[in-house]
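For reference, the structure is listed below as structure tokens.
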Amino acid sequence: MRRDLCDGVGIARLLNATLVLPKFEVAAYWNESSGFADVFDVEYFIQQMNGFIKVVKELPPEIASKEPFRVDCSKRKGQFDYIETVLPSLLEHHYISITPAMSQRRDRYPLYAKASLCQACYSALRLTRSLENKASELLEAIPKPFLSLHLRFEPDMVAYSQCEYSGLSPSSVKAIEAARGDRKPWTGELAHVWRKRGKCPLTPNETAFILQSLSIPTDTNIYLAAGDGLMEIEGLTSVYTNVVTKSSLLSDEDFTSMHGNTKAALDYYVSINSDSYVATYFGNMDKMVAAMRAFKGLYKTLFLSRRAFAEFTSQGFSGKDLMQALWKAHLDDYVMGRGSALPDCFCEFKL
């Protein structure tokens with residue numbers, strides 16, 4: 001949601017358009033209903049974006065009853081693509097709704113659009129006062145120093161990956177099968193190729209093994225930034241015993257009253273302020289956290305290599321030999337303290 005909002009700001013500036021505070025389509029994430037104001041400080045966002053783009057809370061009455069003209073921005077490539085193909089729709093209909101711009105080239109934006117996007121991402125988006133206080137309380141409760149670990153091994157994640165795993169518990173297998181739907185796992189040689197391309201999420205057990213390979217002590221304080229339904233967690237906690245979660249640190253009343261996106265906001269806040277951040281995947285959360293940490297000068301950020309793990313295990317590596325190979329595979333990133341997936345950030349200029 002942060003990524004899509006930042007993209008929306010950049011596009012609005014390209015088109016010289018007014019941005020209406022978005023309504024989150026959270027059903028796709030957590031099957032619940034909540035809005036921008038439940039997570040972000042509305043007044044602060046509008047104030048901080050002043051001079052970059054105009055932001056309004058609601059549509060003007062004359063068009064509020066109309067359905068927006070929907071524009072698919074998923075394949076847009078840059079400045080001129082928007083101006084040539086999207087701007088005419090805006091001028092004709094006055095009110096458009098855009099889909100997330102997954103493939104756009106933000107590096108091709110003119111400086112004024114980059115500045116607006118960067119202002120939104122790194123300065124204007126602030127959690128609500130109550131949520132930030134709760135996040136600060138959570139951060140204070142975590143034993144220091146600590147590593148924030150974003151571990152992705154939920155049933156829907158595994159089902160979406162189309163990967164199969166051996167040795168999972170019956171309950172995990174059942175949960176994955178229930179989440180698969182029509183998305184069947186790859187089999188035979190295709191499954192082997194898919195895994196070697198790094199497409200299969202690391203299990204908690206595999207994650208613990210890689211952390212050990214990197215000589216991260218087993219008594220390290222770890223904050224587990226993960227959603228509900230994480231499977232096979234014992235594979236991690238049986239090795240790394242000082243693992244805490246938001247559910248273990250917050251009161252039952254606080255935790256159960258929170259929406260899925262507010263829980264995710266807590267994980268984001270803790271992760272951008274952690275002593276180090278390790279991710280087992282390179283999804284939207286990881287990209288946003290890594291970018292903010294880089295922007296703040298916190299370079300102890302690492303992405304574990306699923307591809308390296310799959311490649312070495314397919315070659316028959318195990319035990320100490322596998323650990324040594326994984327250490328070498330992560331060496332440059334680990335010594336530098338930053339993941340190789342981090343590009344040069346065009347938001348480094350002073351706003």
Side-chain angles (χ1 to χ4, degrees), residues 1-29 34-42 44-46 48-57 59 68-91 93 95-127 261 264-265 268 272 281-295 341-349 351:
M1 291 187 289
R2 286 186 71 98
R3 181 208 65 193
D4 293 346
L5 181 59
C6 294
D7 284 345
V9 166
I11 295 168
R13 184 64 186 90
L14 280 176
L15 303 179
N16 197 25
T18 297
L19 179 73
V20 183
L21 287 182
K23 290 180 171 57
F24 296 148
E25 294 183 357
V26 293
Y29 302 93
S34 57
F36 185 94
D38 294 315
V39 181
F40 300 112
D41 186 329
V42 172
Y44 184 81
F45 179 74
I46 294 175
Q48 290 294 306
M49 293 312 301
N50 184 36
F52 292 89
I53 63 168
K54 182 180 179 182
V55 181
V56 296
K57 299 177 184 178
L59 286 165
F69 182 79
R70 300 189 180 279
V71 179
D72 184 0
C73 292
S74 60
K75 300 298 181 184
R76 304 299 172 191
K77 304 299 186 206
Q79 173 190 5
F80 297 108
D81 199 354
Y82 284 103
I83 292 174
E84 292 173 4
T85 64
V86 180
L87 183 57
S89 296
L90 177 62
L91 294 176
H93 299 280
Y95 171 33
I96 64 173
S97 172
I98 58 176
T99 57
M102 296 288 288
S103 302
Q104 68 165 289
R105 291 293 304 273
R106 302 162 188 83
D107 58 312
R108 296 181 181 178
Y109 283 7
L111 187 61
Y112 62 83
K114 287 181 179 178
S116 298
L117 187 150
C118 295
Q119 175 72 359
C121 277
Y122 300 107
S123 298
L125 279 177
R126 184 174 74 179
L127 299 180
N261 55 3
Y268 173 83
I272 65 171
Y281 209 72
F282 192 55
N284 293 319
M285 163 85 165
D286 309 303
K287 293 171 185 176
M288 297 304 291
V289 168
M292 181 59 82
R293 288 178 62 83
F295 192 78
L342 276 178
D344 292 333
C345 180
F346 61 63
C347 291
E348 291 176 339
F349 56 80
L351 298 177

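What you see is a predicted model; the values in this text were computed from it and never measured.
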Audit row: L15, V86, side-chain contact (heavy atoms from CB on, under 4.5 Å) steps and yes/no: CA-CA 8 Å; L15 303 179; V86 180; 3.8 Å; yes
side-chain contact (heavy atoms from CB on, under 4.5 Å) evaluation trace for V39 with L127: CA-CA 6 Å; V39 181; L127 299 180; 4.1 Å; yes
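Atom CG of residue L19 and atom CZ of residue R13 lie 13.0 Å apart, to the nearest 0.5 angstrom. How far OH of Y122 is from CG of L117: 8.0 Å, rounded to the nearest 0.5 Å. To the nearest 0.5 angstrom, F52 atom CZ is 4.0 Å from Q119 atom CD. With rounding to the nearest 0.5 Å, the separation of CG in L14 from CG in D81 is 10.5 Å. Here the CG-CD1 distance, from L90 to I96, works out to 5.0 Å after rounding to the nearest 0.5 Å. The CD1 atom of I11 sits 3.5 Å away from the CD1 atom of I98 when rounded to the nearest 0.5 Å.
Counting all heavy atoms, side chain and backbone alike, M49 lies closest to A124 at SD-CB, 3.6 Å. Taking both residues in full, the closest heavy atoms of I83 and P88 are given as O-CD, 3.6 Å, listed atom of the first, atom of the second, then distance. Minimum interatomic distance between S123 and Y44 (heavy atoms only, all atoms of both residues): O-CE2, 3.3 Å. Contact between A120 and C6 at its shortest, heavy atoms only, is C-SG, 4.3 Å. Nearest heavy-atom pair, V9 versus S116, reported as atom, atom and distance to 0.1 Å: CG1-O, 3.4 Å.
Applying the side-chain contact (heavy atoms from CB on, under 4.5 Å) criterion to K57, with sequence neighbours excluded, gives L21, V42, E43, I46. Under the rule for a ring pair (Phe, Tyr, Trp, His ring centres under 6.0 Å), Y112 has no partner lying at least two apart in sequence or in another chain. Not a single salt bridge (charged side-chain N to carboxylate O under 4.0 Å, His left out) links D286 to another residue, sequence neighbours left out. By the ring pair (Phe, Tyr, Trp, His ring centres under 6.0 Å) test, F45 pairs with F36, sequence neighbours left out. Under the rule for a side-chain contact (heavy atoms from CB on, under 4.5 Å), the partners of Y268 that lie at least two apart in sequence or sit in another chain are R2, I272, M285, M288, V289, M292.
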